[in-house]
Student: 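Can you keep this structure in mind? I'll have questions shortly.
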Amino acid sequence: MSEAGSRPQSGTGRFISGVVEGFYGRPWTMEQRTELFQREQKWGLNTYLYAPKDDYKHRMYWRDLYSAEEAEQLMALISAAKQHEVEFIYAISPGLDITFSNPKEVAALKRKLDQVKGFGCSSFSLLFDDIEPEMCPADRQAFSSFAHAQVAITNEVYRHLGEPESFLFCPTDYCGLFCTPSVSQSSYLHTVGEKLLPGIDILWTGPKVVSHRISVESIEEVSAVLRRPPVIWDNIHANDYDPQRLFLGPYKDRPTDLIPKLRGVLTNPNCEFYPNFVAIHTLATWCKATADGGPSDVDMAGCDEEQDPCYSPQKALTLALTDWLQEFMTTDQPGGPPSRLKKESSDEEPMQTDVLEGAHVPGPDENPLYTAEPLTLDDLRLLSDLFYLPYEHGATARTMLQDLDWLRTHSHAAAAAAEETDLTSEWCQRAQQFDDTCGAVVQMFNRLSNAPNRSILYDLYNYICDIKSGVGLARAYVKTLGGRGRPSAHLMTDDPEPWGFRGGLSGEFQRMLPGHGSRDLFRHPPSTAVYSIRPYCPEDKMELQRISREMRRDGEDRSSAAQPLLISDSLSAGETPPSPQCGLILEDEIGVCGYAVALTDAKPAAAKIQSAVGQAFLEEFPSLLSVQVLPRVADPAPAKRMIGQLLSSIRSSGSRGAFCDLRPSDRRMLHFYSTLDSFKAVQVDGLPGDVLIMAASL
Ligand code: GDL
């Protein structure tokens with residue numbers, strides 16, 4: 001018989017809103033949690049779910065009772081929550097090793113929760129997320145499924161505690177993705193929905209663990225199975241899965257139409273406490289959504305996303321950042337600089353220290369104070385844009401990525417190749433725009449470092465340092481593309497400082513994956529094609545000719561210009577055989593699909609066509625190479641490997657440099673060479689404008 005009857009109004013019946021401290025890693029301190037309660041109260045949020053994954057006694061040692069000292073701390077915390085009208089829900093995660101069918105285990109769980117009840121806590125939660133779904137033999141004997149085991153123990157504990165007003169359960173299948181075969185057909189969820197007592201609320205993260213969007217339809221679907229509206233455990237701002245990410249964008253992509261369909265929303269935000277200002281502030285704005293909180297014509301201009309009439313993420317972000325700026329300007333540590341802002345309300349402010357007396361004031365001809373420039377709202381907007389949301393970069397970050405991509409593909413070589421001479425001015429303009437934004441990032445970093453509130457800064461520090469270095473590398477790269485020397489030679493030498501090759505071992509792994517382990521991997525999984533590279537032999541001559549003819553025809557289709565004669569023509573036509581150890585053939589399962597051939601001494605071939613490439617050039621770059629790969633080889637790695645092998649053979653022949661000559665119509669190879677750090681476009685006097693030279697020093 002089903003235990004679930006008609007559902008009473010659980011808890012206080014109010015919409016549960018607030019924060020779940022439910023991430024992996026270092027838990028927040030008691031002081032931070034108390035500060036959180038103050039904020040929640042100020043912003044109208046009403047709940048805090050205590051569930052720090054790596055807290056010893058929450059999960060790993062869930063059976064252990066708290067010591068006297070811990071008890072004192074927890075009691076203080078629970079009473080601080082009460083004082084700020086925040087409901088403190090104590091969660092425990094026994095799922096790693098509990099034997100559900102053992103009465104002693106159930107007793108241990110009750111004993112632990114009774115202890116916490118004795119601290120003044122009256123709301124509880126049992127979490128079964130992130131555990132192995134397999135039952136031990138004893139449990140398999142006792143329960144017909146994992147869901148039955150979890151529900152039995154949860155109902156028992158709930159009753160034991162006197163059916164608390166608030167009691168939350170986190171299922172093992174806590175998002176759409178985890179349900180087999182689907183949400184509506186998940187037998188696990190159906191059992192939970194049917195058997196879990198109706199006063200118990202159920203946590204749900206949406207379609208995925210970190211849900212991009214949560215639609216009304218998806219919530220209606222899961223509510224029907226669970227037989228109650230879920231409480232969203234929202235991981236939109238969680239960053240515990242990637243040490244390089246931090247989320248400072250607004251609460252977003254959850255329509256406010258959801259509010260009446262949900263029991264509540266708890267955000268599980270960034271591990272770092274202080275940067276969560278935006279995550280929590282904007283969630284509070286969302287929870288209060290009313291018709292006048294919606295988008296205005298001004299701030300949503302040009303935004304083609306479906307608009308929520310009651311909530312504008314951009315507006316909510318501005319509100320949050322404006323308040324956050326005040327926070328940055330508040331001195332929080334003894335001996336720090338004076339606050340730049342007047343106190344807003346005395347009970348909210350951390351410790352104030354006034355050190356103005358005797359402060360150095362520079363004279364008219366002296367150095368201005370380094371700390372002169374205060375942080376601005378624009379700085380915080382930029383910061384938020386750079387660390388926005390898991391599935392979206394902020395507007396400035398998007399522009400920077402687009403600019404860099406465009407600048408890369410339209411660098412001098414590519415521009416000349418396309419014979420679009422006026423590209424240069426556009427290129428310079430965009431390069432300048434990119435450089436200015438990089439400059440703004442550095443300025444933001446400096447002003448943040450000077451901000452009086454050190455706690456926020458320290459939480460942000462690694463991230464802003466990281467982005468400053470990343471931006472510095474990109475900035476130097478664009479300058480190099482623009483031919484403006486090597487401004488950051490120290491970044492681009494053969495023996496760079498460790499910040500020139502970032503990412504540690506994890507970075508090494510990423511660099512070894514196709515597409516540098518980027519999101520492209522998901523969009524275009526690596527092809528299963530297997531390539532082999534073998535030495536060239538005279539019998540390959542026909543294949544070489546075929547590929548070079550095919551690729552040339554391909555280029556001609558798109559270019560009406562007459563084809564200039566190249567030094568490499570006789571090499572790629574197989575008329576001049578490659579030098580010893582300097583010919584490679586690429587094959588896939590269909591057959592030959594590419595080649596890389598070289599002449600260690602290009603002088604005879606240059607003389608043969610009376611090339612304008614002069615002696616001086618050939619002294620510096622004596623060797624010539626020619627590489628072609630058929631379009632069906634989408635992966636650039638095989639061509640890169642062939643070039644690497646060729647260059648090493650050329651180097652061991654004693655040559656100092658190698659070059660290739662290309663037609664502008666050969667855009668693919670031009671682009672390809674421009675992505676190789678070793679090759680640079682070289683201007684050669686006297687050469688026809690439609691012959692392009694890329695060269696590499698060895
Ligand atoms: C999870 C974990 C949570 C973690 C989050 C993000 C739930 C219910 N559990 O799956 O502890 O912080 O992912 O990594 O979300």
Side-chain angles (χ1 to χ4, degrees), residues 393 395-438 470-488 491-492 510-511 513-524 526 551-552 554-561 594 627-640 643 659-683 689-696:
H393 296 300
T396 312
R398 288 200 304 269
T399 309
M400 288 182 93
L401 287 173
Q402 281 159 5
D403 278 347
L404 183 57
D405 187 49
W406 188 90
L407 289 165
R408 215 171 43 156
T409 43
H410 295 83
S411 64
H412 281 339
E419 292 177 284
E420 292 161 2
T421 41
D422 59 339
L423 260 185
T424 317
S425 70
E426 191 187 349
W427 197 93
C428 293
Q429 199 193 329
R430 277 181 91 151
Q432 188 58 50
Q433 172 178 309
F434 184 79
D435 195 65
D436 290 346
T437 318
C438 294
V471 159
L473 288 174
R475 199 179 195 186
Y477 174 60
V478 168
K479 288 203 169 131
T480 316
L481 283 180
R484 284 205 266 147
R486 296 186 134 205
S488 299
L491 290 175
M492 298 192 171
Q510 275 191 29
R511 283 187 282 272
L513 302 177
H516 286 214
S518 74
R519 211 145 62 96
D520 285 356
L521 261 185
F522 297 100
R523 276 184 259 137
H524 314 288
M551 294 312 293
R552 202 161 155 180
D554 224 38
E556 276 165 11
D557 287 343
R558 278 181 265 123
S559 159
S560 54
V627 181
Q628 277 302 350
V629 166
L630 289 177
R632 73 168 186 257
V633 184
D635 183 354
K640 277 192 189 162
I643 290 185
F659 71 100
C660 54
D661 52 353
L662 300 151
R663 297 186 176 85
S665 54
D666 197 357
R667 281 166 176 263
R668 194 154 169 265
M669 287 316 293
L670 265 170
H671 176 69
F672 176 73
Y673 281 111
S674 68
T675 63
L676 301 176
D677 287 340
S678 42
F679 279 85
K680 300 276 170 291
V682 177
Q683 291 289 338
D690 50 4
V691 175
L692 297 155
I693 304 276
M694 304 286 288

Student: Would you name the heavy atoms of Met551 and Gln628 that are closest together and state the gap between them?
Tutor: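 Taking Met551 first and Gln628 second, the nearest heavy atoms are CG-OE1, 3.5 Å.
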
Student: Measuring from atom NE2 of His410 to atom OG of Ser674, what distance do you get when rounded to the nearest 0.5 angstrom?
Tutor: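 Rounded to the nearest 0.5 Å, the NE2-OG separation comes out at 11.0 Å.
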
Student: Where is the tightest heavy-atom contact between Ile643 and Tyr673, given as atom of each residue plus distance?
Tutor: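 Shortest heavy-atom contact: CD1-CE2, 3.8 Å.
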
Student: Does any part of the side chain of Phe679, heavy atoms only, come nearer than 4.5 Å to the side chain of Leu676, both counted from C-beta?
Tutor: yes

Student: So which atom in Val682 and which in Ala695 form the shortest heavy-atom distance, rounded to 0.1 Å?
Tutor: CG2-CB, 3.7 Å

Student: Verify side-chain contact (heavy atoms from CB on, under 4.5 Å) between Arg663 and Val691, making sure each step is shown before the conclusion.
Tutor: CA-CA 5 Å; Arg663 297 186 176 85; Val691 175; over 6 Å; no

Student: Does the side chain of Trp427 reach to within under 4.5 Å of the side chain of Val478, using non-hydrogen atoms?
Tutor: yes

Student: Nearest 0.5 Å please: distance from the SG atom of Cys438 over to the CG atom of Leu473.
Tutor: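 Those atoms lie 10.5 Å apart.
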
Student: Of the non-hydrogen atoms in Arg408 and Tyr477, which two are nearest, and what is the gap between them?
Tutor: CG-OH, 3.2 Å

Student: Measure the CG-CG distance between Asp436 and Asp403 for me, rounded to the nearest 0.5 Å.
Tutor: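 Interatomic distance, Asp436 CG to Asp403 CG, rounded to 0.5 Å: 10.5 Å.
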
Student: Name all residues meeting the side-chain contact (heavy atoms from CB on, under 4.5 Å) criterion together with Arg632; count only those two or more places apart in sequence or in a different chain, and write none if there are none.
Tutor: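 Listed in chain order: Asp588, Ile590, Cys593, Leu630.
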
Student: Enter the distance from Trp406:CH2 to Glu426:CD here, rounded to the nearest 0.5 Å.
Tutor: 4.0 Å

Student: Write down the atom of Leu692, the atom of Leu670, and the distance for their closest heavy-atom approach.
Tutor: CD1-CD1, 3.7 Å

Student: Is His671 reaching over with its side chain to a backbone N or O of Arg667, donor-acceptor style, under 3.5 angstrom?
Tutor: no

Student: Identify, with sequence neighbours excluded, every residue that meets side-chain contact (heavy atoms from CB on, under 4.5 Å) alongside Ala637.
Tutor: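 Result, side-chain contact (heavy atoms from CB on, under 4.5 Å) vs Ala637: Asp635.
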
Student: Is the shortest side-chain heavy-atom distance between Asp666 and Pro664 below 4.5 Å?
Tutor: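 A side-chain contact under 4.5 Å is absent here.
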
Student: Mind checking the CZ-OG1 spacing from Arg475 to Thr480? Nearest 0.5 Å is all I need.
Tutor: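 With rounding to 0.5 Å, CZ (Arg475) is 12.5 Å from OG1 (Thr480).
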
Student: Looking at every heavy atom in both Met694 and Ala681, which two are closest together, and how far apart are they?
Tutor: SD-CA, 3.7 Å

Student: Below 4.5 Å, heavy atoms only, C-beta onward: do Pro636 and Thr675 meet side chain to side chain?
Tutor: no

Student: Which value, rounded to the nearest 0.5 Å, describes the distance between Leu404 atom CG and Arg430 atom CZ?
Tutor: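 If we round to the nearest 0.5 Å, Leu404:CG and Arg430:CZ are 10.5 Å apart.
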
